[in-house]
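These notes concern the structure reproduced below.
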Amino acid sequence: MKDDYNPQVDEKFLKPYDYVATEKRIYTAWEESGLFNPDECVKKGMVKGDAPTYSIVLPPPNVTGKLHMGHALMLAVEDVFVRFKRMRGFRTLWVPGTDHAAIATQSVVEKQIKKEEGKSRHDLGREEMLARINKFAEESHTTIVSQLKTMGASLDWSREAFTLDEKRNRAVRTVFKKMYDAGLIYRGMRIVNWDPKGQTTISDDEIVYEERDAKLYTFKYSKDFPISVATTRPETKVGDVAVAVHPDDARYKEFVGKEYDTVFCDVPIHIKIVADKEVDPAFGTGAVGVTPAHSQIDWDIADRHNLSHEVIIIDEYARMTVDGRLKEKKTTEARDIVVEWLKSEGLLEKEEVVKQNVSTAERTGGLIEPLPKLQWFVDVNKEIAGKGKTLKELMLEPVQSGKIKIIPEHFEKTYFHWIGNLRDWCISRQIWYGHRVPVWYRSTGADGKSSEEIVVGEMPEGNDWTQDEDTLDTWFSSGLWTFSTLGWPDETEDLKNYHPTDMLETGYDILFFWVARMIMMTEFTLGDIPFKTIYLHGLVRDAQGRKMSKSLGNNLDPLDITAKFGADAARMALIVGNTPGTDMKLSEDKIKGYKHFANKLWNIARFILSQERTGEMKEDLKTEFDTLVAGVTSDIEEFRIYLAAEKIYHYLWHRLADEIIEESKGKTDYGTTLYYILENSLKLLHPFMPFITEEIYQSIPTRDTEFLMVAPWPVVE
RNA sequence: GGGCGAUUAGCUCAGUUGGUAGAGCAACGCAUUUACACUGCGAAGGUCACAGGUUCGAGUCCUGUAUCGCCCACCA
């Protein structure tokens with residue numbers, strides 16, 4: 001049988017498709033061609049100089065280690081659009097980069113050092129610690145870059161960026177100053193989420209709530225105190241300044257406005273009875289002990305009634321700062337002591353078990369202790385001079401007006417809902433890895449009255465200035481990502497050509513953390529949107545639908561997967577049947593199926609390339625194929641890549657291979673048609689399975705371009 | 001407490017504007033060296049969660065219910 005083959009067919013087709021060797025070789029060839037860079041495409045005449053642009057910035061992976069399947073999905077999806085647009089003749093730019101990820105990275109390195117050397121970051125000192133983190137980040141970066149290449153991502157490496165490099169630092173300082181000058185960034189004493197374990201503040205979004213059983217204690221401050229209150233945190237009651245009741249609550253009306261002095265567990269306290277509509281008369285006794293310094297809600301109540309915020313009774317290590325038997329006790333120990341004291345004094349009236357959500361820090365798992373601290377904030381409710389709008393409104397508007405489209409659409413509701421609940425954003429962190437807050441202080445106290453002088457943005461002249469010790473929330477710098485990567489604050493050609501970007505593709509889990517912040521920062525800084533379309537992908541779960549995690553050991557490692565089945569197969573498995581916004585279950589079996597498909601395609605090519613290009617074009621088959629072209633094209637244009645991929649798969653395997661090729665056997669008039677279908681099928685499939693399609697294309701002597709990746713997309717006349 | 005989503009074949013999921021229910025995988029029967037065994041052919045498999053409504057016609061639109069999942073708020 002073998003001697004029926006056309007001897008011109010490349011020998012490589014006589015063996016099964018070798019994806020390991022091929023994928024590596026092809027990526028290197030692409031990189032060397034320079035064609036990932038749109039300027040190079042223009043220079044080589046592959047794309048017109050005045051062609052419209054298409055741009056995506058890669059959501060920068062954290063330099064905390066290596067990539068997971070979620071990243072693989074992101075790369076597969078983005079590369080589909082990028083390769084499609086490039087073949088459609090756009091000047092197409094996909095900007096790579098990595099994220100320093102502040103807390104996440106620092107805590108990984110801290111844990112590692114603690115484990116291996118038993119040292120804390122304070123043992124090492126700021127400079128040494130930063131050197132260690134930088135080294136770790138560099139190693140992660142190397143791993144990540146090689147993984148990005150393994151997946152076949154057609155990123156323009158000449159424009160690679162890092163959220164913490166010098167250029168991005170300049171962008172951060174410039175935006176910080178601009179916001180400070182507009183009065184949107186302020187420094188203030190406010191209740192923040194303090195993580196005693198990580199020794200830093202965190203933002204509202206970095207909290208995770210865990211449901212636990214807690215005891216609700218009902219008690220009186222003293223024998224002659226008229227009202228009982230209920231609490232799950234008796235130890236904080238030494239910091240109470242008031243009891244709040246609902247204004248309409250008949251039980252307590254007579255006491256409102258009265259003040260009481262007593263000694264609670266060795267601590268003298270002064271309590272005023274106030275009426276506040278936030279109090280739920282049906283919960284507990286209908287009366288709340290108000291602890292302004294250690295609860296956000298109580299802080300707000302204190303604000304409304306001019307009560308003191310100054311009674312601080314817990315420190316940064318979650319220890320009591322009061323005198324007496326609670327002195328320097330941990331809050332958990334203090335709780336037991338207070339309960340014992342209440343019992344011994346006969347003040348405890350009820351003890352019941354309730355379900356409670358406790359706040360923990362996402363990164364360290366530490367129990368959040370609300371504390372008043374002097375921190376930097378972004379004011380989301382202040383009207384911006386000259387714009388007449390608040391940052392909240394700037395975030396809302398482009399999505400409401402449809403200038404930014406979210407896919408799937410229903411996430412718009414989630415987005416609006418989140419903005420409705422948004423409070424000022426605490427941006428300062430007491431960690432070392434990150435952009436240092438660009439503020440310098442010096443005290444001037446010539447006349448004995450010392451006051452503080454502040455300079456924002458650039459380090460001032462003179463050596464008596466001290467820079468703020470804190471660093472910025474990592475999302476502050478990633479919020480600038482679409483324009484900081486394109487050279488802003490300089491007015492670069494890239495910025496002019498490629499901003500706003502066309503699409504942001506990312507997981508729905510960071511819609512608030514990141515996507516909303518990008519819209520806010522870009523609208524404020526440039527008065528423009530950062531991107532036109534937000535394409536949200538879901539989580540990649542294991543075959544049973546569980547989250548992939550280290551502790552479950554059910555992680556699929558993209559490197560293992562590509563070694564076992566090939567990047568093309570992994571990409572197809574991640575795209576087919578995976579609709580935006582929905583979590584997907586991924587099994588090795590599914591990936592294996594697409595490895596088989598790659599081999600099938602290999603053999604289709606082997607068969608067709610062994611035929612002579614003879615016979616008239618079969619118009620019915622051409623028409624049928626052109627319908628496929630039109631369908632696939634509009635599916636990609638309209639973001640239905642999961643359908644597009646499936647359509648080509650189905651056509652190639654079950655129509656072309658099973659029927660058309662079978663029918664053509666022993667006939668000589670199919671050659672022209674088969675070549676037409678093969679060449680154009682490779683183009684249609686290229687965005688999804690770039691390696692094998694390129695490899696086969698390279699074996700077609702009559703191909704129109706050197707590389708399939710810049711071959712013109714098929715057009716239906 | 002507020003919001004969002006899902007429910008379609010054994011499993012995983014499509015189903016775009018309302019027009020006689022679709023794919024992959026698995027399982028079943030047949031073929032056995034074929035371009036490809038990483039194969040082919042065939043058959044089987046569904047009350048589209050449930051109850052109403054709109055319509056000539058509903059998996060699709062509307063109302064309600066149930067179950068599961070997620071997000072936000074944080075009630076002291």
Side-chain angles (χ1 to χ4, degrees), chain A residues 1-2 4-5 9 13-17 204-205 207 209 211 214 216-218 229-234 236-237 240 243-244 278-291 294-298 301 354-359 408 410-423 508-509 511-512 538-539 541 543-545 565 569 572-573 576-579 581-587 589-590 592-611 631 634-635 638-640 642-643 645-647 649-650 653-654 657-659 661-662 664-665:
Chain A
M1 270 295 157
K2 299 273 190 235
D4 275 359
Y5 297 143
V9 180
F13 285 106
L14 299 179
K15 286 178 285 181
Y17 175 55
D204 295 344
D205 319 77
I207 291 177
Y209 293 99
E211 192 178 85
L216 181 68
Y217 302 94
T218 306
V229 295
T231 184
T232 51
R233 296 199 61 188
T236 65
K237 297 295 103 181
D240 282 10
V243 166
E278 287 296 303
V279 179
D280 176 3
F283 186 90
T285 60
V288 194
V290 181
T291 325
H294 300 286
S295 148
Q296 177 69 53
I297 290 187
D298 293 5
I301 293 177
V354 292
K355 290 273 180 222
Q356 193 195 22
N357 282 330
V358 296
S359 318
H410 69 255
F411 272 99
E412 290 182 3
K413 289 182 196 162
T414 317
Y415 179 79
F416 295 141
H417 192 247
W418 177 78
I419 292 177
N421 287 320
L422 189 63
R423 287 195 302 233
Y508 65 75
D509 51 329
L511 179 61
F512 307 139
L539 265 50
R541 296 171 176 275
Q544 282 101 58
F565 305 107
M572 277 298 269
V576 175
N578 183 11
T579 43
T582 310
D583 293 354
M584 78 173 309
K585 292 176 195 170
L586 184 66
S587 61
D589 274 351
K590 184 173 182 187
K592 193 164 84 189
Y594 292 102
K595 182 190 153 201
H596 294 179
F597 175 60
N599 195 59
K600 187 75 186 180
L601 178 63
W602 190 246
N603 282 290
I604 290 171
R606 170 183 174 180
F607 180 85
I608 294 178
L609 295 175
S610 72
Q611 308 295 115
S634 63
D635 282 342
E638 288 154 44
F639 306 101
R640 294 184 300 263
Y642 53 96
L643 275 188
E646 198 181 345
K647 269 183 194 164
Y649 172 93
H650 197 255
W653 198 319
H654 300 297
D658 290 350
E659 295 169 2
I661 287 182
E662 286 306 317
S664 77
K665 284 183 179 170

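Below, chain A is the first sequence line, B the second, and so on; all start at residue 1. For the numbers below, each heavy atom of this structure counts, side chains included, while hydrogens, waters and symmetry mates do not.
Within 4.0 Å (heavy atoms only), A:Lys595 reaches at least one base atom of the nucleic acid. Base engagement by A:Ile604 is indicated by at least one non-hydrogen atom pair under 4.0 Å involving a base atom.
Residues satisfying the ring-ring contact (aromatic ring centres under 6.0 Å, His included) test with A:Tyr217, not counting sequence neighbours, are none. By the salt bridge (Lys or Arg N to Asp or Glu O under 4.0 Å) test, A:Lys355 is found to be paired with A:Asp213, residues two or more places apart in sequence or in another chain being considered. Partners of A:Tyr649 according to the ring-ring contact (aromatic ring centres under 6.0 Å, His included) rule, which considers only residues two or more places apart in sequence or in another chain, are A:Tyr594, A:Phe597, A:Trp653. For A:Pro16, the side chain to side chain contact (heavy atoms under 4.5 Å, CB included) partners at least two apart in sequence or on another chain are A:Asn599. In terms of the ring-ring contact (aromatic ring centres under 6.0 Å, His included) criterion, A:His417 has no residue partners (sequence neighbours excluded). Listed by chain and number, the residues in a salt bridge (Lys or Arg N to Asp or Glu O under 4.0 Å) with A:Lys237 are A:Asp240 (sequence neighbours excluded). For the salt bridge (Lys or Arg N to Asp or Glu O under 4.0 Å) test, residues two or more places apart in sequence or in another chain that qualify with A:Asp204 are A:Arg423. In this view, A:Asn578 satisfies the side-chain hydrogen bond (donor to acceptor under 3.5 Å, both in side chains) rule with no residue, not counting sequence neighbours. Applying the ring-ring contact (aromatic ring centres under 6.0 Å, His included) criterion to A:Tyr415, with sequence neighbours excluded, gives no partner residue.
For the pair A:Ile419 CD1 and B:C4 P, the interatomic distance rounds to 16 Å; values are reported in whole Å. Rounded to whole angstrom, the span from the NZ atom of A:Lys665 across to the P atom of B:G40 amounts to 11 Å.
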Legend entry - nucleotides 70-76 of chain B: protein proximity per nucleotide (B base, S sugar-phosphate only, - neither; heavy atom, under 4.0 Å): -SSBBBB
Inset, instruction - Treat primed atoms plus P, OP1 and OP2 as sugar-phosphate and everything else as base, then score nucleotides 12-31 of chain B 5' to 3': B for base contact with protein heavy atoms under 4.0 Å, S for sugar-phosphate contact only, - for none. - result: SSSSB------SS-------
Inset, instruction - For RNA chain B, produce a single dot-bracket line, 5' to 3'. Pairs: Watson-Crick or G-U wobble, both distances under 3.5 Å. Symbols: ( ) within strand, [ ] crossing, | other strand, . unpaired. - result: (((((((..((((.....[..))))..((((.......))))......(((((..]....))))))))))))....
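Side-chain contact between A:Thr285 and A:Thr218 is present, with at least one heavy-atom pair separated by less than 4.5 Å.
Side-chain to base pairing of A:Lys600 with B:C36: one donor and one acceptor N or O lie within less than 3.5 Å of each other.
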